[in-house]
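Each remark here refers to the structure printed beneath this line.
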Amino acid sequence: MSVLYLLVSSLCILALAYRYYAAFIAARVLMLDDRNVTPAVTCNDGKDYVPTNKWVVFGHHFAAIAGAGPLIGPTLAAQYGWGPGFFWILLGSVFAGCLHDMIILFASVRHQGQSLAVIAHKDVSRLTGITTAFVTLFIIIVALAGLAVAVANALFNNPWGVFIIAMTIPIAMIAGVYMFRIRPGAILSGTTFGVVAILAAVYFGGPIAESSFAGWFTFSKQQLSILLPLYGFCAAALPVWLLLAPRDYLSTYMKIAVIGGLAVGLFFVNPTVQMPFATRFIAGGGPIIPGPVWPYVFITIACGAISGFHALIGSGTTPKMLEREGQVRLIGYGAMLTEAFIGVMALLAAVTLVPNDYFAINSSAAAFAKLNMPVQNLPELCRLVGLDVAHRPGGAISLAVGMAYIFSHVGAGLQHTMKYWFQFVIMFEALFILTTIDAGTRVARYILQDILGNLYAPLKQTDWVPGVVLTSGAVSFAWGYILYTGDVSSIWPMFGVTNQTLAALALAIGTTIILRISPRKRYALITLVPCAFITVTTFAAGFMNIRLYLAQGMMLNTVLSVVIIVLVTVIIVENLRVWLALLKTEKPLGMNDEREHIYCPVVPAHAPDDLPLA
């Protein structure tokens with residue numbers, strides 16, 4: 001079957017969802033209104049709260065949420081065939097993931113850019129707020145380790161890739177100083193410099209990797225497992241305008257351009273889907289993911305369809321940068337739709353590989369030997385990319401091989417460029433992940449400051465340097481320890497369960513918010529239904545993981561999994577109690593009631609009542 005059928009159908013579904021379903025939620029359910037002044041304006045401190053151009057915010061938000069999940073998850077889920085992953089990405093994103101992101105971002109904007117835990121405290125209960133703070137901190141630490149393991153597997157003994165990634169840091173800082181301090185608002189010239197500089201790094205990375213300087217950029221997995229947390233610490237402690245916003249902005253549009261290029265490449269190359277609709281591993285026993293398609297395909301695709309990690313970004317850095325409330329639809333729903341399309345592209349790139357070669361790349365040597373599958377094109381692919389790609393599990397390498405193959409076959413005579421495309425895609429993947437590590441470590445810092453601030457008040461202050469350094473260091477050390485001591489097989493399943501469990505938690509809080517603000521209680525079904533499905537699915541996968549960890553003697557993973565499941569159960573029960581009370585009320589209770597008192601006094605009294613919603 002041609003990939004064009006899947007490509008075109010997915011584009012149509014996602015476009016219709018944004019045009020109609022997102023507009024319905026914005027106008028009827030959330031009632032977005034630009035007359036409500038955002039916290040970026042009211043709390044502008046020039047550091048964390050900064051009114052920012054909507055396209056820069058879109059770039060930052062998209063880069064922060066689109067980590068390894070939409071690339072790695074669908075690639076690994078191809079083990080089950082192209083069908084399960086494809087349909088879950090589309091249905092899950094439209095009816096669960098995009099809605100999840102939009103509602104949490106809206107709630108945080110209305111709560112002065114505060115965290116998911118504060119929202120839970122104010123709109124559900126004090127117990128829910130405290131429990132949410134702890135469970136999100138645990139989940140984000142596991143998630144960051146899960147994202148970083150893919151980077152470590154892609155960059156070890158790969159000086160070309162490390163050089164490119166290293167160069168993106170000073171490039172982003174120069175662009176940040178230029179766009180925010182030297183020439184504020186100079187988006188076009190700053191973007192041009194950043195994109196050209198990154199492309200130059202890709203080109204010159206080849207000669208560097210073949211020179212005497214290669215040793216400077218050659219690291220083992222263990223060394224990368226130390227360097228990555230150090231980078232996360234620096235990104236969390238520096239001002240948002242210096243590294244986080246410009247790097248995320250630059251990498252976002254490069255990401256979108258690469259995915260757009262992949263779509264064009266698929267159109268011209270028109271490869272055939274090699275993987276069947278469903279493989280023999282759909283009932284379990286696969287070499288990559290040991291469990292059955294349900295529930296494991298829903299936790300393996302940890303971001304492309306729905307991701308609880310997004311709630312941390314939507315209630316972390318993004319609401320502190322939003323200029324207008326009406327932009328919640330573009331940034332909340334629109335960024336997640338873009339991520340869903342990336343998930344589809346990643347899945348299509350993976351399923352165009354010969355299945356035997358796909359399993360050879362994504363399985364360990366011992367696991368692949370048991371399959372009795374002779375490789376077909378793998379030796380030639382290794383020669384073309386200039387790297388031995390066999391038995392590098394994690395999904396990043398197989399995705400890079402698939403995308404590089406498509407790009408290098410767009411035109412005749414381009415096969416010799418495959419090694420450049422391969423390293424470019426490695427950079428593209430690593431940027432996806434590192435930008436999430438940037439924002440994720442920063443959000444975890446905010447959460448830890450809120451928790452410790454109850455013991456020592458100055459720690460709550462985001463501008464108190466000792467507190468910023470202490471909490472940034474603690475968070476970076478925690479996820480770095482899991483990264484250093486674990487691997488893909490132990491970290492990724494736990495990441496998937498904890499990430500999707502957080503999504504269930506956020507959807508439960510979203511249901512409470514809709515019951516509070518909406519004049520029609522039935523609108524709460526739009527979050528309640530996906531909340532119920534995700535809760536049952538992730539709890540089932542969590543219990544399966546616990547049995548696996550106990551059998552392997554992995555006590556840290558076992559304890560973390562049990563604690564997270566218990567805490568989330570408490571949160572959902574508390575939300576259920578509040579739902580039963582809210583269903584007995586007739587008028588809205590919170591955020592959208594008495595709307596004339598919500599508008600900022602600086603808005604003219606004659607402001608029109610029919611301001612656009614998006």
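Both backbone and side-chain heavy atoms feed into the values below; hydrogens, waters and symmetry mates do not. Worth saying up front: this structure is predicted, and the values here are computed from it rather than measured.
Between the side chain of Tyr358 and the main chain of Thr75, a donor-acceptor pair closer than 3.5 Å is present. The backbone N or O of Leu7 sits less than 3.5 Å from a side-chain atom of Ser10, completing a donor-acceptor pair. Ser518 contributes a side-chain N or O that, together with a main-chain N or O of Arg520, makes up a donor-acceptor pair within less than 3.5 Å.
Under the side-chain hydrogen bond (donor to acceptor under 3.5 Å, both in side chains) criterion, Asn499 pairs with Ser307, not counting sequence neighbours. The ring-ring contact (aromatic ring centres under 6.0 Å, His included) check on Phe359 picks up Phe281, with sequence neighbours excluded. With sequence neighbours left out, the side-chain hydrogen bond (donor to acceptor under 3.5 Å, both in side chains) criterion links Thr535 to no other residue. Applying the side-chain contact (heavy atoms from CB on, under 4.5 Å) criterion to Glu323, with sequence neighbours excluded, gives Pro51, Gln327. Judged as a side-chain contact (heavy atoms from CB on, under 4.5 Å), and not counting sequence neighbours, the contacts of Ser9 are Phe86. Partners of Thr537 under the side-chain contact (heavy atoms from CB on, under 4.5 Å) rule, at least two apart in sequence or in another chain, are Trp294, Pro295, Phe298, Phe533. Every residue two or more places apart in sequence or in another chain was checked for a ring-ring contact (aromatic ring centres under 6.0 Å, His included) with Phe87, and none qualifies. Residues passing the side-chain hydrogen bond (donor to acceptor under 3.5 Å, both in side chains) test with Ser93, sequence neighbours excluded: none. By the side-chain hydrogen bond (donor to acceptor under 3.5 Å, both in side chains) test, Thr512 is found to be paired with Asn575, Trp579, residues two or more places apart in sequence or in another chain being considered. Remark: Ala148 pairs with Leu228, Ile437, Trp479, Leu483 by the side-chain contact (heavy atoms from CB on, under 4.5 Å) rule, at least two apart or across chains.
For the pair Val375 and Ala360, the tightest heavy-atom approach, listed with the atom from each and the gap, is CG1-CB, 3.6 Å.
Separation of the Phe95 and Tyr21 ring centroids falls under the 6.0 Å cut-off.
Ring-plane geometry between Trp82 and Phe277 is classed as perpendicular, the angle between the planes exceeding 60 degrees on a 0 to 90 degree scale with a lower cut at 30.
In this structure, CD in Gln79 is found 6.0 Å from OG1 in Thr279, a value given to the nearest 0.5 Å.
Residues Leu347 and Leu6 form no side-chain contact, since every pair of their non-hydrogen atoms from C-beta on lies 4.5 Å or further apart. Under the 4.5 Å side-chain criterion, counting only non-hydrogen atoms from C-beta, Leu502 is not in contact with Thr498. At least one side-chain heavy atom of Ile301 sits under 4.5 Å from a side-chain heavy atom of Ile89. Side-chain contact between Pro70 and Met345 is absent, with no heavy atoms from C-beta onward closer than 4.5 Å. Annotation: side chain of Pro530 is not in contact with side chain of Ile306 (no heavy-atom distance under 4.5 Å).
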Could you go through residues 97-108 and list every donor-acceptor pair under 3.5 Å that involves a side-chain atom there, pairing it with any protein atom two or more places apart or in another chain?
{"residue": "Asp101", "atom": "OD1", "partner": "His310", "partner atom": "ND1", "Å": "3.4"}
{"residue": "Asp101", "atom": "OD2", "partner": "His310", "partner atom": "ND1", "Å": "2.7"}
{"residue": "Ser108", "atom": "OG", "partner": "Gln114", "partner atom": "O", "Å": "2.8"}

Listed pairs under 3.5 Å, donor-acceptor, residues 261-268 side chains, sequence neighbours left out:
none

Run the side chain to side chain contact (heavy atoms under 4.5 Å, CB included) test on Val401 and Asp357 for me, step by step, so that the C-alpha distance in whole Å, both residues' side-chain angles and the decisive distance to 0.1 Å come before the verdict. CA-CA 10 Å; Val401 170; Asp357 296 339; over 6 Å; no
